[in-house]
Amino acid sequence: MLDPRLFRTELDFVKAQLARRNFAFDADAYIALETRRKDVQVKTQELQNQRNSNAKAIGQAKAKGEDVQPLMNQVAALGDELKAAETELTRIQAEMDSIMSGIPNILDEAVPAGKDEESNLEISRWGEPRQFDFEAKDHVDLGAQLKGMDFELGAKITGSRFVVLNGALARLQRAIIQLMLNTHTEEHGYTETYVPFLVNADSLRGTGQLPKFEADLFKASSDPDLYLIPTAEVPVTNIVRDVIIEAKELPLKFVCHSPCFRSEAGAYGRDVRGMIRQHQFEKVEIVQIVKPEDSARVHEELTAHAETILQKLNLPYRRMLLCAGDTGFSSAKTYDLEVWLPAQGVYREISSCSNFKDFQARRLQARWRNPETGKPELVHTLNGSGLAAGRTLIAVMENYQDADGRIHIPEALLPYMGGLTVIS
RNA sequence: GGAGGGAUGGCCGAGAGGCUGAAGGCGCUCCCCUGCUAAGGGAGUAUGGGCUUUAUCUCCCAUCGAGGGUUCGAACCCCUCUCUCUCCGCCA
């Protein structure tokens with residue numbers, strides 16, 4: 001959610017910024033509605049004021065034992081008018097709320113123009129893609145050969161885009177998760193959290209998935225509606241919903257491993273092969289709640305925390321700054337980390353690290369008490385995958401394969417593999 | 001799943017149709033007192049919104065778990081929902 005004051009005072013700026021995202025914003029309609037809101041709100045509050053002072057006068061007259069009938073007659077007409085005004089105000093506010101909650105965040109100045117991933121900007125590159133003296137297999141072939149990755153079984157049990165991992169590959173994924181959790185807690189100062197994987201609609205509104213992106217979510221048929229989390233970002237960031245945090249508590253740093261569930265209706269036809277795009281996958285998420293002045297610096301740090309995992313696994317990657325058209329709805333600035341996948345010879349997204357600034361915080365009413373003003377002010381929220389575990393599994397398999405299709409365990413994972421050094 | 005109790009400010013807790021945005025206590029902040037510590041005295045201490053060119057104060061509106069209703073007037077009465085506690089049942 002953007003600051004409504006920004007719309008009142010700097011409408012041209014807002015229009016220009018939203019245009020960068022190709023977001024069509026009907027400023028005239030907005031102004032008309034806002035003008036109406038102001039009129040109706042002022043009128044409503046005046047009527048409420050009248051009602052309150054009338055009621056008070058009646059109360060006082062009654063206490064003195066005076067006849068209240070003349071006063072009662074006087075206020076009789078007020079009720080209907082007030083009710084009508086209140087109804088109208090509620091309707092207008094709901095309409096404005098619906099418009100506001102559909103407007104994306106304003107992009108950081110550093111975000112390059114562009115309509116899709118073609119315009120993303122490469123910031124840095126780490127590691128050298130390994131030269132293979134044989135034809136590198138992709139994770140699907142490797143997984144089948146090792147009898148540790150079964151998509152048909154996933155389809156039988158549930159449906160398409162689900163997988164069953166078995167034996168050493170299942171353990172390898174767990175080892176990857178362990179490495180990530182231990183690194184972020186022990187080296188980067190994050191607090192490990194365990195959260196619900198089903199969340200209510202308020203939580204999804206808080207982080208920006210609702211109302212616009214319901215089609216991407218799995219909804220449980222319960223009363224009230226609950227949704228499977230698309231990322232741990234949702235429950236973890238909602239820890240601070242409706243909370244005023246003391247300045248000395250900041251920054252809050254959480255790391256959370258969770259399964260993620262994405263319906264992604266309409267995504268069929270893209271990345272159909274293998275574990276790249278599944279309805280369910282494992283991810284380790286890092287989240288920070290910070291003072292506004294710190295968020296730009298923390299965004300760099302948090303991205304570096306995710307990069308640490310790739311470096312420990314010695315996986316070549318590059319850091320991309322997403323362009324305007326590719327940056328998510330709630331984000332002001334996003335870095336994607338893309339890992340090298342040798343079978344396809346491409347870099348593929350394995351982490352997305354975003355600075356939401358106060359966009360989520362405003363929806364969440366997540367605030368801190370600024371000691372300088374003594375007032376509650378919005379915090380900034382950030383998060384990043386640190387990393388997507390399923391895709392990390394793929395990357396390890398493909399980058400650490402040998403000519404026989406065996407997987408050599410990266411050194412950083414050896415402590416978690418119970419003595420296993422090669423999966424064959 | 002069944003029966004019953006509860007939800008009020010940072011915390012505890014009074015309040016049972018009108019002068020209650022809310023007694024009292026604790027905590028916190030500032031001031032006074034004090035050689036230091038302790039004790040004591042005084043003042044302040046919810047959030048969102050509106051109006052205003054902006055800011056601050058005053059002012060106005062809303063909020064006592066959430067949403068409806070009754071009423072001139074609701075923390076208080078009625079209905080629905082959520083959460084929570086106790087007991088019973090079931091259970092990893």
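All chains are named by letter (A, B, ...) in the order of the sequence lines, taking the proteins before the strands, and each is independently numbered beginning at 1. This structure is a prediction, so every number in the text was calculated from the model and none was measured. Computation of the quantities below employed the complete heavy-atom set of this structure, encompassing side-chain atoms and omitting hydrogens, waters and symmetry-equivalent molecules.
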With heavy-atom distances below 4.5 Å as the criterion, would you say the side chains of Val255(A) and Thr191(A) are in contact?
no
With nearest nucleotide decided by heavy atoms, which residue, Gln93(A) or Arg51(A), maps closer to the 5′ end of RNA chain B?
Gln93(A)
Heavy atoms only, 4.0 Å cut-off, all strands: where does Arg367(A) land among base, sugar-phosphate and nothing?
sugar-phosphate
By the 4.0 Å heavy-atom rule, please label Lys62(A) as base, sugar-phosphate, or nothing.
base
When the aromatic ring centroids of His279(A) and Phe218(A) are compared, is their separation below 6.0 Å?
yes
Taking the nucleotide of RNA chain B with the nearest heavy atom to each, does Lys83(A) or Arg8(A) sit closer to the 5' end?
Arg8(A)
Centroid separation Phe25(A) to Tyr30(A) less than 6.0 Å:
yes
How far does the P atom of rA23(B) sit from the matching atom of rG15(B), given to the nearest Å?
14 Å
Is a donor from one side chain sitting under 3.5 angstrom from an acceptor on the other, for Asp294(A) and His380(A)?
no
His408(A) and Tyr400(A) aromatic centres sub-6.0 Å:
no
Please find the earliest and latest nucleotides of RNA chain B, in the 5' to 3' direction, that have an atom within less than 4.0 Å of any heavy atom of chain A.
rG18(B) to rG73(B)
Does any donor atom in the side chain of Gln48(A) or Glu86(A) lie under 3.5 Å from an acceptor atom in the other side chain?
yes
